Amino acid sequence: MNHSRRTKVVSAIAGAASFALLAAGCSSGGTGSSSSTSSSGPVTLTVTTFGSMGLDGLYKSYEAAHPGITIKANNIDTGGNARTDAFTKIAAGSGLADVLAVEEGWLGAIQNVSDQFNNLKDYGADAIKDRWVPWKLAQATDKSGRIIGYGTDIGPMGLCYNSKLLKAAGLPSDRAEVATLLGGTSATWDKYFAVGKDYQKKTGKAWFDQSGFIWNSMVNQLPEGYYTSAGKLNVTENPELKVRWTQLAAANAAGLSAKQTQWDWNKGKSFTDGKFATFMCPGWMLGVVQGQVKTAGGDAAGATAGWDFADVFPGGAANWGGSFLTVPKQSKHPKEAAALAAWLTDKDQEVAAFKAQGPFPSVVAAQTDPSLAAATGVSAFFNSAPVSTILSKRAEGVKAQVKGPDDSTIQDQVFGPSAIALDQGKSGTQTWNDAMKLLDQLVVNK
Amino acid sequence: MTSTLGQEARTSPPASRPDRRASLTFKNKLGRLDVKYSPYLYVAPFFVLFAVVGLFPLVYTFVVSLNDWNLLSGPGEWVGFGNFAKELHDELFWNSLFNTISIFLLSSVPQIIAATFIAVVLDQNLRARTFWRMGVLIPYVVTPVAVALIFSNMFSPDGGLVNHLLALVGLDPIAWKLDTLPSHLAIASMVNFRWTGYNALILLAAMQAVPRDLYESAELDGAGSVRRFFSITLPSIRPTMIFVILTSTIGGLQIFTEPRLYDAASVTGGGAHRQFQTTVLYLWEMAFQRQNFGRAAAIAWILFLIIVMFGVLNFLISRRIASADTRITSRQAKRRLEAARADTAKTDAVKTDTR
Amino acid sequence: MTRTSAQARKHKPMGMARRPGFLTYGILIALLAGGAYPLWWSFVVGSSPTSVLSQDWPPLLPGGQFWKNVVEVFDTIPFWQALLNSVIVSGVITISVVTFSTLAGFAFAKLRFRGSNALMVFVVATMAIPTQLGIIPLFILMRQFGWTGTVGAIIIPTLVTAFGVFFMRQYLVNVVPDELIDAARVDGANTLSTFWHVAVPAARPAMAILALFTFMMAWTDFLWPMIVAPQNPTLQVALSQLQSARYVDFSVVLAGAVLATLPLLILFAVAGRQLISGIMAGAVKG
């Protein structure tokens with residue numbers, strides 16, 4: 001009896017395995033999302049994006065307009081994980097999508113291997129290259145003058161704030177008033193933290209969610225960040241960085257940080273239960289806030305959550321992030337992929353993406369498009385704030401910062417841990433020294 | 001007639017005898033070749049394949065480690081043992097080793113204890129034995145990826161189940177993902193969840209092999225169940241226990257899935273401060289994020305040597321303990337069996353007498 | 001006293017020890033609940049909206065949203081393709097390991113040849129070599145051959161295991177009597193038919209056990225499939241990709257985790273008894 005049952009198991013496994021072998025033979029090793037080689041036949045294009053780029057709703061209309069093209073989209077949670085994924089696949093020699101989103105933070109590292117990406121000039125880039133803000137186009141052009149990416153969004157920064165919480169603290173809660181409160185066009189970080197201390201005294205609650213994003217904003221604002229304009233490493237040689245770090249440490253010591261885990265925020269609950277009153281908001285972050293509130297069970301209309309968007313930013317104009325769509329050389333359909341990338345970064349599509357999740361267009365015509373100002377989608381969530389107008393204003397005076405090859409590493413892995421340590425109560429000096437040590441281990445003495 | 005036939009019959013075989021002898025010898029030769037050389041054919045596939053996919057990579061890893069090898073641009077200059085030197089001075093490497101060993105200890109020690117306890121519970125005359133054994137094995141069937149995702153959420157500092165339970169008992173919430181020791185505990189609990197039932201069954205098998213007479217005679221002598229456990233069960237199953245420890249050592253020093261998925265949003269594998277970054281996770285980071293294959297290969301080889309060292313150590317210790325124990329156990333067992341036999345003989349004698 | 005216990009010992013059949021009490025069954029039920037709870041919890045959350053995680057208390061009963069989340073899972077990752085990949089990978093590896101381990105194990109156990117001892121020691125020694133340490137050169141090789149992204153690349157590094165050979169040898173040494181082999185020889189059988197007609201039938205239980213374990217090991221492998229073929233994912237890799245894509249909608253992720261566990265649960269329901277006897281048989285032999 002036992003024997004026959006065992007035999008049954010063996011034959012079951014043998015059967016499954018033989019089926020598997022047959023299937024393996026039939027699927028010829030399974031190359032996954034490869035498509036037919038004829039360019040006139042049906043084509044499947046793969047797209048890999050990250051975060052909330054707002055492109056998800058656009059694929060269907062492209063497919064409808066281009067019968068024979070199917071789009072398979074894949075989204076990765078953070079830019080950092082997207083970077084690891086991209087480089088692993090570049091190293092493996094296969095697996096990259098036909099259209100790959102690249103963040104400006106690691107664009108520098110991509111530029112080091114720009115020969116792995118198609119020169120979009122071969123696919124009509126010259127005809128459309130004037131649609132972008134010049135500095136965006138320059139970022140996407142490599143040393144030999146090849147255009148390897150089409151800009152999707154830029155990240156001008158405004159301030160998200162919770163009007164309900166500010167009102168409860170007796171502070172002005174109207175958009176314009178908040179802007180004035182923080183200093184308007186001459187807003188400084190000192191003023192921001194001072195108002196924060198005031199809020200903290202009145203309510204006992206934290207002012208911002210965690211130090212990491214404050215730090216990123218502070219750095220992105222500088223004319224030269226982690227790298228000089230010539231592309232040399234510039235951390236220990238940059239006195240501004242130390243000054244701002246000390247400021248941040250002081251703010252932390254005053255209890256202004258809600259010590260949240262970035263990209264988790266307690267599954268979004270921290271946005272709805274009043275843990276912090278302000279939040280750093282580049283355009284692409286607006287969709288993130290909306291998504292987090294929705295996950296936490298708050299209504300998507302946002303009215304009850306109380307989040308609003310003010311036309312002010314400590315320290316003046318700042319740009320954080322911004323992405324590009326590239327066409328890797330691994331793609332078997334560069335022509336179709338380049339066409340898709342060009343379409344996704346065209347005026348109407350960038351407007352649609354903005355309406356969906358808030359990433360601010362890098363295409364000039366889109367920035368000035370009147371339909372951008374319609375109070376739908378993201379705008380409605382933020383108390384019908386004229387989000388696009390605000391972001392356009394905030395984009396004025398933005399000077400593109402040169403991002404070096406290890407920029408995202410320095411942001412995420414050198415200063416990231418120290419920012420968390422600040423939240424946990426470590427001193428500014430100690431955390432700065434820890435960061436310098438990591439800089440040495442991870443960047444300087446690789 | 002018959003005699004003529006018989007004569008004929010007798011005359012024909014001698015003619016063919018030399019042929020048959022020749023053919024026998026040939027078959028014999030084949031047979032001898034078969035016996036002598038075919039074993040090599042049987043082991044050859046294994047060794048050939050192993051050489052290609054097992055040994056060659058190991059050797060090649062060593063070769064890679066001697067060079068300045070970039071993920072994308074390939075081999076650079078020869079640096080000899082430079083990568084090894086860098087790694088031995090690499091604070092982050094030692095940190096990962098510390099994490100690995102810490103998680104390993106936190107997982108195996110409670111696991112062995114719990115597995116032993118569960119085995120004892122299962123080693124009784126239960127109804128629906130197989131059902132309970134299968135029940136204990138359910139965690140083993142849940143894949144590590146799923147376990148990591150589930151537990152990662154349960155140990156969430158703000159809204160996670162575990163902190164809720166702590167709050168219920170009146171304790172402060174613990175920062176499961178930020179602090180070093182709590183994160184090690186959380187990851188160890190994932191490993192324990194998966195493997196405790198499995199190891200319990202292994203120990204159960206060993207316990208079931210212990211002859212019942214030992215227990216009964218000990219009971220007769222007045223030993224309580226606790227005493228019986230420590231004096232009989234534990235020594236008898238110690239070899240199996242060492243085997244369990246050995247296999248979980250080799251596995252435990254290579255944990256990757258659980259720490260990788262524990263805090264998936266963190267870009268640095270193993271937490272922002274690398275508080276739960278195990279060595280294999282660090283290897284992966286070095287190879288695919290920092291794109292330095294040479295140093296990653298050096299890490300791989302150092303880890304390999306450490307695993308071998310642990311394995312050999314375990315093996316030596318286990319051999320000494322096991323041999324000591326089997327001597328003791330067999331002595332005890334012999335004594336008890338003799339006593340029991342003497343007892344039975346006496347009662348038999350009494351019985352025959354009374355009959 | 002001795003007489004009554006002796007008599008009791010004689011009259012009581014060997015297996016009739018005391019029946020365990022409520023405490024034992026209580027502990028067993030607690031263990032069962034503890035082991036099954038995480039799976040139940042993920043089913044509950046996987047069938048509710050994610051906001052249920054921000055509640056103060058975890059819900060005990062499933063919400064009604066499981067199918068909706070499942071649809072999202074299928075939308076986000078190529079679930080069926082991943083399942084097929086896992087089956088192919090695990091199946092091929094299992095067949096390969098069991099076949100070559102039985103062949104080699106038989107040779108080591110029952111055949112006499114020069115160097116068998118040395119080679120066996122070598123096999124035992126290489127049992128300690130962890131497969132994860134060869135990933136760098138394997139990755140380089142796969143890239144050079146252009147095999148990254150293929151199911152074959154996932155399979156190749158684990159085609160044979162030293163443990164498999166060791167396991168089969170230990171089993172065959174005990175289970176196949178030398179006399180039987182000699183008898184077959186005398187009857188004129190060559191090694192191959194001896195192997196096929198004597199060793200394999202006897203080895204079948206161990207082959208089944210080795211197959212089950214190898215299958216599970218291959219099924220749950222994560223690191224290698226993730227780096228060599230993320231675009232053609234196995235079920236484990238697909239699950240981690242689901243987590244990456246839907247990190248906000250965690251209930252979808254957990255619904256996916258439940259789906260990914262189902263195949264093994266089904267295998268467990270079908271072959272659970274074999275799995276258990278396999279673990280326990282291996283323990284005694286080991």
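Here the structure is a predicted model, which means the values were calculated and not measured. All values below were derived from every heavy atom in this structure, side-chain atoms included, with hydrogens, water molecules and symmetry-related copies excluded.
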The criterion is side chain to side chain contact (heavy atoms under 4.5 Å, CB included); which residues satisfy it with A/Leu233, sequence neighbours excluded?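 Listed in chain order: A/Tyr227, A/Val235, A/Ile410, A/Val443, A/Val444.
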List the residues meeting side chain to side chain contact (heavy atoms under 4.5 Å, CB included) with B/Ala119, not counting sequence neighbours, and say none if there are none.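 B/Ala119: side chain to side chain contact (heavy atoms under 4.5 Å, CB included) contacts with B/Leu203, B/Leu204, B/Met207.
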Answer with side chain, backbone, both or neither: which region of A/Leu438 has an atom nearer than 4.5 Å to a non-hydrogen atom of chain B?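 Contact with chain B involves the side chain of A/Leu438 alone.
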Quick one: what part of A/Ala421 sits under 4.5 Å from any heavy atom of chain B, side chain, backbone, both or neither?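 Answer is both: backbone and side chain atoms of A/Ala421 are under 4.5 Å from chain B.
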Drop me the distance from B/Leu71's CG to A/Phe87's CZ, to the nearest 0.5 angstrom.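 It is 9.0 Å, given to the nearest 0.5 Å.
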Distance-only donor-acceptor screen, chain A against chain B, under 3.5 angstrom:
{"from": "A/Asn81", "atom 1": "ND2", "to": "B/Ala264", "atom 2": "O", "distance (Å)": "3.3"}
{"from": "A/Thr84", "atom 1": "OG1", "to": "B/Gln289", "atom 2": "NE2", "distance (Å)": "3.3"}
{"from": "A/Asn266", "atom 1": "OD1", "to": "B/Gly159", "atom 2": "N", "distance (Å)": "3.3"}
{"from": "A/Gln413", "atom 1": "OE1", "to": "B/Arg274", "atom 2": "NH2", "distance (Å)": "3.4"}
{"from": "A/Gln413", "atom 1": "NE2", "to": "B/Gln289", "atom 2": "OE1", "distance (Å)": "3.1"}
{"from": "A/Pro417", "atom 1": "O", "to": "B/His273", "atom 2": "NE2", "distance (Å)": "3.4"}
{"from": "A/Lys437", "atom 1": "NZ", "to": "B/Glu91", "atom 2": "OE2", "distance (Å)": "3.4"}
{"from": "A/Gln441", "atom 1": "O", "to": "B/Arg290", "atom 2": "NH2", "distance (Å)": "3.1"}
{"from": "A/Lys446", "atom 1": "O", "to": "B/Asn292", "atom 2": "ND2", "distance (Å)": "3.3"}
{"from": "A/Lys446", "atom 1": "O", "to": "B/Arg295", "atom 2": "NH1", "distance (Å)": "3.0"}

Who passes ring-ring contact (aromatic ring centres under 6.0 Å, His included) against A/Phe117, sequence neighbours left out?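 Applying ring-ring contact (aromatic ring centres under 6.0 Å, His included) to A/Phe117 gives none.
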Non-hydrogen atoms of A/Ile420 and B/Ala272 that approach each other most closely: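 For A/Ile420 versus B/Ala272, the nearest heavy atoms are CD1-CB, 3.3 Å.
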